Amino acid sequence: MIDMPHLNQAKCNACGLCVSVCARLGLVLNEKNIRFLESVECDWCQQCELVCPTGAVTFPFEVVIEDR
Amino acid sequence: MAIPIEPLKSIPYFSGLGDGVLDAIRQVVFEKKVDRGEIILLEDEPPQALFFVASGAVKVFKTSPDGKEQILSIARPGESFNDVPLFDGGVNPASAQAMGPVVLYGISRDQMDGILRDHPELTTNVIKVLAQRVRQLVSLVEDLSFRHVIGRVAKILLEYGGETSAPHPRLTQQEIAAMAGTAREVVGRSLKSLEESSIIRLERHRVVISNKEALRHLAAEPS
């Protein structure tokens with residue numbers, strides 16, 4: 001399964017701004033909710049997170065130490 | 001062709017105005033369609049117009065001489081950008097770029113002058129919008145100048161960082177912003193700055209600390 005950004009439906013107001021900024025056309029607005037299309041590989045540009053007015057879209061990451 | 005009245009009602013500049021005033025305004029407002037990534041305005045250039053976002057989103061930003069970008073705001077539907085030069089006669093204070101397909105409503109300085117002269121009731125709305133803008137910018141100045149956000153971000157990364165083999169709790173930029181007491185945009189800028197200094201590497205799903213000592217040094221600086 002392709003790892004996708006996280007969408008918190010409870011916070012999402014379905015304004016559709018994330019859909020409009022996605023260059024990969026990886027999001028759709030259906031009636032009153034947003035959905036990430038798993039068939040489209042997200043390029044992790046994070047524009048949808050940046051534009052989201054409610055903080056519903058997030059890109060979780062882990063922090064790893066390479067230099068010890 | 002004049003734009004419809006209805007969308008104007010959701011723009012703070014024009015909220016609460018009667019249909020007569022809105023009808024006069026729509027006659028002088030022009031529509032502009034912009035494609036993804038297109039630069040709408042460049043800082044330091046003479047102003048073309050004050051713009052309102054009808055649909056889509058616009059990034060308003062400054063660029064340093066060495067190409068670093070600082071986002072000042074994201075203008076969403078109903079919000080305006082490039083207000084200042086219309087009122088002080090100066091150049092564009094920042095650049096603006098369409099984040100996707102965008103529809104804008106624009107109004108030139110001369111037309112705005114005429115509307116304010118003919119409909120002074122509009123000035124209260126303008127003052128409110130500009131006051132909110134000042135408040136937002138003051139908050140950004142505070143973040144950028146006093147809070148040493150980069151040191152706090154460094155500290156958080158060290159706290160959450162672990163060995164590559166072990167599973168780690170996942171973080172988001174919003175969570176770091178909440179922990180550091182700043183805006184998500186400032187966290188994004190701090191992470192980029194750390195990457196430019198070769199202290200971390202930003203990868204898909206991962207922030208890799210490649211110079212722990214330098215990160216520790218930043219985290220230890222007084223905030």
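Every chain is numbered from 1, with letters handed out A, B, ... down the list of sequences. Not measured: the values here are computed from a predicted model.
- Only the backbone of A:Cys22 comes within contact range of chain B, judged by heavy atoms closer than 4.5 Å.
- When the salt bridge (charged side-chain N to carboxylate O under 4.0 Å, His left out) test is applied to B:Arg36, no partner is found at least two apart in sequence or on another chain.
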Between side-chain atoms of residues 3-14 of chain B and protein atoms elsewhere (two or more places apart, or another chain), which donor-acceptor pairs fall under 3.5 Å?
unit_1, atom_1, unit_2, atom_2, d
B:Ser10, OG, B:Pro7, O, 3.0
B:Tyr13, OH, B:Asp83, OD2, 2.7

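- Note: B:Asn211 CG to A:Ile65 CD1 = 11.5 Å, rounded to the nearest 0.5 Å.
- For chain A, the nearby part of B:Ile176 is the side chain; its heavy atoms alone come within less than 4.5 Å.
- Most heavy-atom pairs under 4.5 Å with chain A, from the set B:Val102, B:Ile71, B:Ile200, B:Leu171: that is B:Leu171.
- Residue A:Phe61 holds its CZ atom at 6.0 Å from CG of B:Leu191, rounded to the nearest 0.5 Å.
- The shortest distance between side-chain heavy atoms of A:Val63 and B:Ile209 falls below 4.5 Å.
- The NE2 atom of B:His205 sits 9.5 Å away from atom CD of A:Glu62, with the distance rounded to the nearest 0.5 Å.
- Only the backbone of A:Cys52 has a heavy atom closer than 4.5 Å to any heavy atom of chain B.
- Per-residue heavy-atom pair counts under 4.5 Å with chain A were compared for B:Gly100, B:Ala98, B:Gly37, and the maximum is reached by B:Gly100.
- Interface residues of residues 52-60 of chain B toward chain A, defined by a heavy-atom distance below 4.5 Å and sorted by number: B:Gly56, B:Ala57.
- Ionic pairing of B:Lys212 and A:Glu66 is not present here: no N-O contact between side-chain nitrogen and carboxylate oxygen is shorter than 4.0 angstrom.
- Within the 4.5 angstrom heavy-atom criterion, only side-chain atoms of B:Ile74, from C-beta onward, approach chain A.
- Under the 4.5 Å side-chain criterion, counting only non-hydrogen atoms from C-beta, A:Thr58 is not in contact with B:Gln173.
- A:Leu50 touches chain B through backbone and side chain together, each having a heavy atom under 4.5 Å away.
- By the 4.5 Å heavy-atom criterion applied to side chains, B:Glu175 and A:Pro60 are not counted as neighbours.
- For the pair B:Arg76 (side chain) and A:Val51 (backbone), a donor-acceptor distance under 3.5 Å is present.
- The salt bridge (charged side-chain N to carboxylate O under 4.0 Å, His left out) test applied to B:Glu43 returns B:Lys62, not counting sequence neighbours.
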